[in-house]
Structures are given as structure tokens and as C-alpha cells.
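Since we're looking at a predicted model, the values are computed, not measured. Order of the sequence lines fixes the chain letters, A, B, ..., with proteins taken first and strands second; residue numbering starts at 1 for each chain.
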Amino acid sequence: MDKEEVIKILKEISVLLELKDENPFKIRAYQNSARSLEASDIDFGRDLKIDDLTKIKGIGQHIAESIKELVDTGSLKFYEDLKKTVPPGLVEMLAIPTMGPKKIKYLFDNLQVSNTGELEYACIENRLVDLPNFGKKTQENILKGIEVLKKYKGRYLFANIIEEAEVIHNKIQNFQYVNRSSLAGSVRRKKEIVKDIDIVASTDNPDKVMDFFTGLSEAEDIIARGDTKSSIRLKSGINVDIRSVDDFQYPYALHHFTGSKEHNTAMRTAAKKDSIKMNEYGLFKNGSLIKCSDEAGIFNFFSMDWIPPELRENYGEIEAAKNKTLPKLIEEKDIKGMFHIHTTHSDGNISIEQTCNYLQKMGLQYAGISEHSRTASYAGGLKNDDINRYLEEIDKLNQKCTSFKIFKGIESDILLDGNLDYSDYILSKFDFIIAAIHSGFNLSKEQMTDRIIKAIENKFTTMLAHPTGRLLLARDPYRVDIIRIINAAAENDVDIELNSSPFRLDLDWRMCKYAKEKGVKIFINPDAHSLKNLDDYKFGVNIARKGWLEKEDVPNTLSAKEIEIYLKNKKNKKTK
DNA sequence: GCCGTTTTCGGCCCGACTGTTTTCAGTCG
């Protein structure tokens, strides 16, 4: 058994123990051990020693033995026995917002509610209202939570499916009877959430391609098997659809199945004005095909520049392509450094030095470290007394290494009244300040907007973090007037982050274009808590591209020297 | 269950928020 699986099981044990209302410190011990293991570089190869495991802080004798048992035998008796005592439906219920282990256990013990369906029914029957510590409001909130869960079912985070999508597409691409092929649909458009994976392939032998596709080892289930169109379901639950066409039809089919529906409709409407019929099989004038050898040929026929798939959302791209005013979209290689990184000073699991080494290896020039602030005590936020030690470490590292620059930052919580949670004196010590909401999500839209604008007006604020607080497929954005926020950012020379965590991708791409028009700069930030998170900037770049952003709109495409001046100027201008 | 030590026990992060209460329980981050 490999390290990832062991970590997963340790986490699962902690969840099961929670549902059994075990000693909270024992539960935390399992959580901590999983986390320590994630952070450590211990080799699970051959000859894993218990002594090596117990050297890791957070792993003691007992858990070390459990890990050893898992690695050596592939299973753990304690875990297997534990699983038998907790119905799987209880674990599933943890996904419902407002439902935690205590409520789940109480309802199981007293109402024999053992899964989400039974819970929903019990709520509808009003069986929760009279239980101690429950009531009308609690019951309503549970029902609402179940609704949210249902709403998001069958939708997947781009980041969670892209690797699998590419693996399957590569197999298709390399299949001997396939000429040209591509991922299409929302995956090709780099949408943050997708419902399925679309593939378009050209072939002289569709039958062979359909057989090959439905016979893929990744196929958990065959949903449909037709002459030119088939569909399979993967283990993750997501469907993959394939469409095969003749090679001369490939450009039209690729365009058609890339979409979006809105983009296609607008394209067809424009075509119809010129008496052209447009569908997945071609462009037709008076019934005869207008030949295009690739997608660019189609756009060219309409005197348009080729539109990158990310822009095909009918957000003005067709007009811009006609006017030759499409943006030159930002690319991954344009990124020169990263901000919004957490390290072991707060809740990250990497040291500042590790982070910088990693980024330097990626070819980047600088890092902006930003720990949580004192209000975020759950995340080990820095108390006033911690700050000098943190800043001194960065100074030392900067002295030691002159080829890589570290900027000193803090992710300062925006309090309920809109103030940041440090004094001006402390805030002035940093190179940059990221203002962020981490609590008090339930204000009215006006209160929340006013609160954030007050933080934007703070002379020390450099940029606003994750402006809507959404967690994709899990938590709706808080109520906030994002237009007013962007306007306030423009007026106060405050930048906005595009948080690149695949769970956030916040600022939303639909708003990036507006921010750009207002002259607001957008930082592409990983919000990293581990080395792996640092790679998430790629998802941010995808979304920035969807939001029409160019290199010039993103400050962290500047060189180390340039960004140093950029930050200094901003600070001096605002705090003078 | 882990850790550290005044070493075989005692402490382990906690504040905001909601909804339930009338001082507290549970969730969230």
C-alpha cells in the first residue's frame, strides 16, 4: 500500500472515530498523523521501519505500528473492525452543510436515521423539531443543506477530472484507426466545473473506434454504444462521450462539440445572415460544403481571428474576433512569481525555504509569503508576538539567497466592522497585505459589501483575497455586490486576487473581464498550504484566460525587480 | 493517541456564529 492510501485511511479513521464520539484528542491524533505523513518525505519503498515513522512529529508508537501493518499487509484490523460499527450512510451525511458528527450520531441513536434519504424524510415529517438542542430552524437548515448537496451531484471540479480526461484522450489519439482527435466541450473550454468529458475523433473506421472506446479499462459501465457516438461511465461517476466523424468533417465537429451552446448559437446566427448553414458536419452554401482544413479555417471564412476555446462563451468574443481585437491571453509561462502562500508559520505544511526552493526550480523569481493573521487562530494565525520572528526569518533567507526574492506579507482578516485585525504599526511592517473574509459569512448583501469596501479603503490593503468566499460544489458565495467591490478596488488602487485553488477559482472569470475594463489588476495566487498547491496556479491561469486577461493585467507576470517597485510604489503612494 | 517531562501523567487551539437555550451545544474554518 502506498503513502497516499495510508494517509486516506488515517483520515477516514479520524472521521469514523468522530462519528463514534470518541475522545476528541484521539481523533486529532489521527488527523495530525495523516497531515505529518503528507508533509514528510519518508520513503514507503521497501523495508519501512517503525523507528523511522516515530521520528516524524505527530506519529507515535501506536499509529506507526498501524501504518506498518497497512504497508506490509495491505489492510488494518482496527480499521476494518471500526468500519463495521459505523453505517456508511453516516459518513456520507457529513457532506451535508450544518451536519457534523454530533448531530449525525444523535439522530442515529435516537431516530435510527442512517443515511441522507432517511434524514430528509425525518425532516419532512417534522421529527427533529422537538429533540433537545434541535428546533425548527435547525431542521430547515438541514433540509436546505440536503438540497445543496443534491444540486451539486453529477458535477465535477475541472481539477479532479482533467488528468483522467487526458489519459483517456491520449489512448484514443494513439489508437491506430484515429486520424485526428481532441478533448472538446467544457473541458476544452477549461470550465471550472464540468458535467462530462467530450472527445471528438476522426476516423475511416468508426466501428473499430467505438469498440476500442467502450472496451477501455477505465470504463466502469457502458452507457451507450452507437455507430458514431458512444458513452461510458468512469469509476469517479463522470461520463465520457465520444463522437466520431469523417476526417473532412473534423474541424466543424470539433468546433460544434467544443461549444458553448451560446457561442454556437451566436455563430450560427451570424452565418445565417450570410445565407450559410452551419452544423457539426460543415459550413454549407446552397447545399454545398465550404472546405475548411482546421478550426482556424472556419473562423477565417467569416473574416474572424481564431477564437481560443476558453473564450467561446458568447461574452463578446465573436465581435472581437471580427474586429481583430481579441486579447492576447496570458499563458503559464508568463507567471514570474507567486503570492498568497502559507507556510509552517501558520497552517501550511511547508517551510518558507522549501517553498522558495520549489518555486525557484519551477523557474520563478519570487514568492510572497502571507500567513494567516491573529483572528484566524484556528489556522495558527500570527499573534503580535510572532510577527518579528516571522519577518526575521524572511530577512535572513533574502540575505542568504540573492537570486530569489521573498516578499513579506500577511493575510489579514477583515473583521465584522470592516477593520483589519492588526494595528497600522504592525501592518506597516509588511511588503503587502492581503485582506480576507474568513468568518461572518451571513451578513446581508449590503452589510457584507460595505464591510469589504471598508477593508479596500484601508490604506495598507494591497489586494483582496477570494472576493466571494465560494467553495465550488460545496458552498455558495456569500451575498456581496461584486460590481461595487470591483469599483471600490479601482478607486482605491487595490488589486484583486484570482484564487487558483481548484475549489475556489475566485474571482470568477465572468467578473475578470469587468475588473480588467475598470483597470483593476488581478493577482493569480495559489493560496498554497503545501508544495502540491503551488502547481494550482495553472488552474488560475485557465480561469484568467477565460476572463480575457492578458499578461499586462496580472502583476505577478512582472520580474522580481519590477514587482518590488510595484509594491513599494503602491504602499508609498497610499500611506504617505 | 501523541508529546514532553517538574517522565508514566496531564494537556492537547479556539473564536465566531447559529440556534438552542437561559448558559450551552454544535459547526465551521
Side-chain angles (χ1 to χ4, degrees), chain A residues 9-11 13-37 40 50 53-67 76 78-79 82 93-107 109-110 123 128-145 148 342 345-348 371-383 386 411 413-417 419 421 436-444 447-448 451 465-466 469-471 474-476 478 499 501 503-504 527 529:
Chain A
I9 287 175
L10 290 172
K11 285 180 181 168
I13 290 174
S14 81
V15 170
L16 294 170
L17 293 175
E18 254 189 316
L19 286 168
K20 296 199 77 172
D21 203 16
E22 266 275 4
N23 176 356
F25 298 109
K26 185 171 167 180
I27 294 163
R28 196 179 301 160
Y30 275 96
Q31 289 165 349
N32 289 343
S33 68
R35 193 164 182 162
S36 308
L37 207 53
S40 90
I50 287 184
L53 285 165
T54 53
K55 273 183 201 141
I56 301 170
K57 194 170 145 61
I59 298 179
Q61 188 63 28
H62 186 270
I63 291 183
E65 282 170 14
S66 296
I67 294 172
L76 176 63
F78 165 64
Y79 168 59
L82 186 63
M93 275 191 274
L94 274 173
I96 302 167
T98 77
M99 287 298 284
K102 296 275 166 31
K103 282 190 199 156
I104 291 171
K105 184 171 183 339
Y106 187 85
L107 293 177
D109 289 342
N110 291 279
C123 289
L128 270 59
V129 281
D130 291 323
L131 299 174
N133 288 320
F134 286 75
K136 196 159 165 272
K137 242 348 201 318
T138 304
Q139 184 171 276
E140 277 171 20
N141 284 338
I142 292 174
L143 271 177
K144 245 187 257 166
V148 169
H342 299 276
H345 281 274
S346 64
D347 64 346
E371 301 300 353
H372 282 287
S373 58
R374 63 178 179 183
T375 310
S377 52
Y378 60 85
L382 299 187
K383 301 197 177 67
D386 299 329
E411 185 182 12
D413 267 37
I414 302 173
L415 302 173
L416 273 176
D417 61 8
N419 284 314
D421 62 345
I437 298 271
H438 288 116
S439 61
F441 293 150
N442 277 334
L443 298 183
S444 71
Q447 287 172 319
M448 182 62 99
R451 172 190 183 189
H466 39 69
R470 72 176 181 188
L471 293 178
R475 185 175 74 198
D476 286 336
Y478 37 69
N499 189 298
S501 161
F503 297 96
R504 291 187 181 270
D527 196 355
H529 294 73

With C1' as the reference atom in both, quote the distance from B:dC13 to B:dT7 in angstrom, rounded to an integer.
25 Å
Whether over 12 other heavy atoms sit under 6.0 Å from A:Asp130 CG
no
If you assign each of A:Thr98 and A:Leu131 to its closest nucleotide in DNA chain B, which residue comes earlier from the 5' end?
A:Leu131
Touch check for A:Pro97, heavy atoms < 4.0 angstrom, all strands: base, sugar-phosphate only, or nothing?
sugar-phosphate
Take atom C1' in B:dC9 and the same atom in B:dC14, then report the distance between them in whole Å.
24 Å
Quick one: is A:Asn133 getting a side-chain N or O under 4.0 Å of the B:dT21 phosphate, OP1 or OP2?
no
How are the rings of A:His372 and A:His342 set relative to one another: parallel (under 30°), tilted (30 to 60°) or perpendicular (over 60°)?
parallel
Once you apply a heavy-atom cut-off of 4.0 Å, does A:Ile437 come out as touching a base, just sugar-phosphate, or nothing?
nothing
Using a cut-off of less than 4.0 Å, is there contact between a side-chain N or O of A:His62 and OP1 or OP2 of B:dG1?
yes
Looking across every strand, which nucleic acid part, if any, lies under 4.0 Å from A:Asn442 by heavy atom: base, sugar-phosphate, or nothing?
sugar-phosphate
Look at all strands and tell whether A:Ile59 reaches a base, only sugar-phosphate, or nothing, counting heavy atoms closer than 4.0 Å.
sugar-phosphate
Inter-nucleotide C1' distance (B:dA25, B:dT20), Å rounded
8 Å
State the pairing partner of B:dC12; accept Watson-Crick or G-U wobble contacts with both distances under 3.5 Å, and report none otherwise.
B:dG1
Length of the line joining A:Gln31:CD and B:dC28:P, which is rounded to integer Å:
13 Å
Determine the Euclidean distance between corresponding C1' atoms of B:dT21 and B:dG29; express it in Å to zero decimal places.
24 Å
Could you tell me whether A:Asn23 contacts a base, only the sugar-phosphate backbone, or nothing, with contacts defined as non-hydrogen atoms closer than 4.0 Å?
base
With salt bridge (charged side-chain N to carboxylate O under 4.0 Å, His left out) as the criterion, how do A:Lys144 and A:Glu140 come out once you've worked through the C-alpha distance, each side chain's angles and the decisive distance to 0.1 Å?
CA-CA 6 Å; A:Lys144 245 187 257 166; A:Glu140 277 171 20; 5.6 Å; no
Please state whether the phosphate of B:dT20, meaning OP1 or OP2, lies under 4.0 angstrom from any side-chain nitrogen or oxygen of A:Thr138.
yes
Starting at NZ of A:Lys102 and ending at P of B:dC24, how long is that distance when rounded to a whole Å?
16 Å
5'-most contact on DNA chain B (nearest-nucleotide basis), A:Lys136 vs A:Ala379, goes to A:Ala379
Could you check whether any side-chain N or O of A:Ser33 sits under 3.5 Å from a backbone N or O of A:Gly58, counting only pairs where one atom can act as donor and the other as acceptor?
no
Taking only the C1' atom of each, what is the distance from B:dG11 to B:dT18 in whole angstrom?
29 Å
Check the angle between the aromatic planes of A:Phe78 and A:His62 and answer parallel, tilted or perpendicular using the 30° and 60° thresholds.
perpendicular
